[in-house]
Novice: 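Below: one structure in structure tokens.
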Amino acid sequence: MTHRVLDALVNVHFGETATQPEFMLKVRDDYFKGPRSLYDQVELPALLDEMAEHGVEKAILMDNLVRPSATARRFVEERPDKFALGIGGVNLLRPMPSLRELSAVVAGLPVAYAVVGPSFWGDGMYPPSDAVYYPLYTKCAELGLPLCVNTGLPGPPIPGEAQNPIHLDRVCVRFPELKLCMIHGADPWWDVAIRLLIKYANLRIMTSAWSPKRLPESLLHYMRTRGKHKVLFASDWPVLRQSRVVPEALALDLPADVLDNYLYRNANDFFFGPDEQET
């Protein structure tokens, strides 16, 4: 049986800079044990070939307001049927210029979601419950734009407490209209994340940067039961290649309908709206 796949987090911008920050090199060398070529420039045909081989119909490419990715935007322009953008880089402390720019980008390009990483902002001093995020939450809710928030301890050696998913508890209460997605899993707070997913209708979780065979049994149980529509697949390519994570996902002990939801339908519905044939 074949399965449709939507890869909800793909990086094509690494090769645009001559050198990577030290923390990114540590992620490559110490955390993921990746090859030195991990951050090389990617070419569109190679990415499309890997996607086609593993049934990936669409991918969301990381982009940034501060350093727009020429590669991501070119890929979207050349193949709008295959790619959309995830936009980061909002200045939380001086938000208005960034939010105006975000609105303009959303109006002019196919943007699937905005993204923010609490541990990567302000030395991890501002958890998502802090008021510095409120202008971003308000703008995303106003635009109907989903917002992805890093949760779980980050790979780089930077403070991680701000990414405890419990900080989203207050956010979901105060912004029920905001579509929120935890990304990069929630380790070591999986149980907290699952409890929040049960509690809030507007919350999802994405397993980007996680090998499917390493996902905890508690999450798989949740996917089989109350969470059939709540968990989204993503690779964090090229950190984890589709050639690795798609076969691992297909090998999970999940019913066919749950696997279909995980690999494609949940992300497609949350970020783009249900396919016409499914409505």
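All heavy atoms count here, side chains included; hydrogens, waters and symmetry mates do not. No experiment lies behind these values; they were computed from the predicted model shown. Numbers here are sequence positions counted from 1.
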Novice: Would you say that F75 contacts L85 through its side chain, given a criterion of any heavy-atom pair below 4.5 Å between the two side chains?
Specialist: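 SC-SC contact between F75 and L85 ruled out.
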Novice: Passes side-chain contact (heavy atoms from CB on, under 4.5 Å), L232 versus T207? Steps please.
Specialist: CA-CA 6 Å; L232 284 54; T207 62; over 6 Å; no
Novice: Out of curiosity, D253 CG to H221 NE2, how far, rounded to the nearest 0.5 Å?
Specialist: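 Result: 12.5 Å between the selected atoms.
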Novice: Side chains of C148 and C181: does their closest heavy-atom pair fall under 4.5 Å?
Specialist: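 Yes - at least one pair of side-chain heavy atoms lies under 4.5 Å apart.
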Novice: Taking atom CD of E78 as the centre, report whether more than 12 heavy atoms of other residues, nucleotides or ligands fall under 6.0 Å from it.
Specialist: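 For E78, atom CD is crowded (more than 12 foreign heavy atoms under 6.0 Å).
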Novice: If you count heavy atoms of other groups shown closer than 6.0 angstrom to CG of D123, is the number above 12?
Specialist: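 Incorrect, the count does not exceed 12.
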Novice: Return the minimal non-hydrogen interatomic distance between M182 and T151, and the atom names on each side.
Specialist: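 Looking at all heavy atoms of both residues, the closest pair is CB-OG1, 3.2 Å.
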Novice: For V149 versus P128, what's the shortest heavy-atom pair and its separation?
Specialist: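 Of all heavy-atom pairs spanning V149 and P128, the closest is CG1-CG, 4.0 Å.
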Novice: Is there a donor-acceptor pair under 3.5 Å between the side chain of N11 and the backbone N or O of W237?
Specialist: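 Judged by distance alone, yes, a pair lies under 3.5 Å.
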Novice: Return the CE to CZ distance between M51 and R79, rounded to the nearest 0.5 Å.
Specialist: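 With rounding to 0.5 Å, CE (M51) is 8.5 Å from CZ (R79).
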Novice: Same cluster for L93 and L102 if Ile/Leu/Val/Met/Phe/Trp/Tyr side chains link at under 4.5 Å?
Specialist: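 Yes; L102 is reachable from L93 via cluster members.
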Novice: If I compare all heavy atoms of S103 with all of L143, which pair ends up nearest, and what's the gap?
Specialist: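 That would be OG-CD1, 4.1 Å.
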Novice: How long is the span from the CG atom in L254 to the OH atom in Y262, to the nearest 0.5 Å?
Specialist: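 So the CG of L254 and the OH of Y262 are separated by 8.5 Å.
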Novice: Would you compute the distance between atom NZ of K199 and atom CD1 of I194 and round it to the nearest 0.5 angstrom?
Specialist: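 Between K199 NZ and I194 CD1, I get 15.5 Å after rounding to 0.5 Å.
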Novice: Do R204 and L180 touch side chain to side chain, with heavy atoms closer than 4.5 Å?
Specialist: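 The answer is no; the side chains never approach within 4.5 Å.
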Novice: Whether the W189 and Q163 side chains hold a donor-acceptor pair (N or O, under 3.5 Å, no angle test) is what I'd like checked.
Specialist: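 Checked: W189/Q163 side chains show no N/O donor-acceptor pair below 3.5 Å.
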Novice: Are the side chains of L263 and L250 in touch, meaning some heavy atoms are under 4.5 Å apart?
Specialist: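 Of all side-chain heavy-atom pairs linking L250 with L263, at least one is under 4.5 Å.
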Novice: Donor-acceptor pair, distance only, cut-off 3.5 Å: does the side chain of S119 make one with the backbone of P159?
Specialist: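 Pair found, side chain donor or acceptor close to backbone of P159.
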Novice: Verify, without hydrogens or angle tests, whether D7 (side chain) and A234 (backbone) share a donor-acceptor contact under 3.5 angstrom.
Specialist: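 No: the side chain of D7 does not pair with the backbone of A234.
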Novice: Looking only at non-hydrogen atoms, find the nearest pair between A162 and H167 and report the distance.
Specialist: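 Looking at all heavy atoms of both residues, the closest pair is O-CD2, 3.6 Å.
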Novice: Would the distance check show the side chain of D236 and the main-chain N or O of V239 forming a donor-acceptor pair, the cut-off being under 3.5 Å?
Specialist: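 Not at all, since once roles are kept as given, no pair shorter than 3.5 Å links the two residues.
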Novice: State, yes or no, whether a side-chain contact exists between C140 and L136 at a heavy-atom distance under 4.5 Å.
Specialist: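 In contact.
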Novice: Are Q242 and S235 linked by a side-chain donor-acceptor pair shorter than 3.5 Å?
Specialist: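 Per modelled atom types, Q242 and S235 side chains form no pair under 3.5 Å.
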Novice: With a 3.5 Å cut-off and no angle check, do the side chains of E53 and S243 form a donor-acceptor pair?
Specialist: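 Checked: E53/S243 side chains show no N/O donor-acceptor pair below 3.5 Å.
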Novice: side-chain contact (heavy atoms from CB on, under 4.5 Å), that's the test. Do F233 and V56 meet it? Break it down for me.
Specialist: CA-CA 11 Å; F233 171 82; V56 180; 5.7 Å; no
Novice: Which residues pass the salt bridge (Lys or Arg N to Asp or Glu O under 4.0 Å) test with R170, sequence neighbours left out?
Specialist: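 For R170 there are no salt bridge (Lys or Arg N to Asp or Glu O under 4.0 Å) partners, ignoring immediate neighbours.
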Novice: Going through the distances and angles, do Y200 and V173 end up as a side-chain contact (heavy atoms from CB on, under 4.5 Å)?
Specialist: CA-CA 8 Å; Y200 295 113; V173 168; 3.1 Å; yes
Novice: If we count only N and O atoms by modelled type, under 3.5 Å, do the side chains of E177 and N202 hold a donor and an acceptor together?
Specialist: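 Judged by distance alone, the side chains do not pair up.
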Novice: One thing to verify: whether R74 and E77 come together as a salt bridge, which I'm taking to mean a side-chain N less than 4.0 angstrom from a carboxylate O.
Specialist: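 No.
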Novice: Is the backbone of F270 close enough, under 3.5 Å, to the side chain of K179 for a donor and an acceptor to pair up by distance?
Specialist: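 Confirmed, K179 side chain pairs with F270 backbone.
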Novice: Let me confirm one number: the CG-NE2 distance from L197 to H229, rounded to the nearest 0.5 Å.
Specialist: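 Reported value, rounded in 0.5 Å steps: 13.5 Å.
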Novice: When you compare the side chain of I60 with that of F271, does any pair of heavy atoms fall below 4.5 Å?
Specialist: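 Answer yes - side chains close enough.
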Novice: Check whether Y113 reaches the backbone of A8 with its side chain - one donor and one acceptor, N or O, closer than 3.5 Å.
Specialist: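 It does hold such a pair.
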Novice: Between the side chains of D63 and R73, is the shortest nitrogen-to-carboxylate-oxygen separation below 4.0 Å, so that they form an ion pair?
Specialist: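 Salt bridge present between R73 and D63.
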Novice: Hey, does the side chain of Y137 reach the backbone of V171 with a donor-acceptor pair shorter than 3.5 angstrom?
Specialist: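 No, because the side chain of Y137 does not come within donor-acceptor range (under 3.5 Å) of the backbone of V171.
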Novice: Does the pair F83 and L47 meet the rule for a side-chain contact (heavy atoms from CB on, under 4.5 Å), with working shown?
Specialist: CA-CA 11 Å; F83 301 114; L47 177 56; 3.9 Å; yes
Novice: What heavy-atom pair brings T225 and K228 nearest, and what distance separates the two atoms?
Specialist: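 Closest heavy-atom pair between T225 and K228: O-CG, 3.5 Å.
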Novice: Decide yes or no for S218 and D191: does some side-chain heavy atom of the first lie under 4.5 Å from some side-chain heavy atom of the second?
Specialist: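 S218 vs D191: side chains touch.
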Novice: Any donor and acceptor pair, going by atom type alone, linking the side chain of W210 with main-chain N or O of H184 inside 3.5 Å?
Specialist: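 Judged by distance alone, yes, a pair lies under 3.5 Å.
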Novice: Give me the atom names and distance for the closest heavy-atom approach of L145 to L178.
Specialist: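 Taking every non-hydrogen atom into account, O-CD1, 4.3 Å.
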Novice: Would you mind reporting whether I87 and L65 have side-chain heavy atoms less than 4.5 Å apart?
Specialist: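 Sidechains of I87 and L65: in contact.
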Novice: Rounded to the nearest 0.5 Å, what separation is found between the CD1 atom of I205 and the CG atom of L219?
Specialist: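 It comes to 6.0 Å.
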Novice: Can you tell me if CZ on R226 sees more than 12 non-hydrogen neighbours from other groups inside 6.0 Å?
Specialist: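 Incorrect, the count does not exceed 12.
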Novice: Examine K58 relative to F272 and say whether NZ or CZ is less than 6.0 Å from the centre of the six-membered ring and inside a 45° cone about the ring axis.
Specialist: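 Pair K58/F272 counts as cation-pi.
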Novice: Do we get K230 above Y222's six-membered ring, with its NZ or CZ under 6.0 Å from the centre and within 45° of the axis?
Specialist: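 The answer is no, since K230 fails at least one limit relative to Y222.
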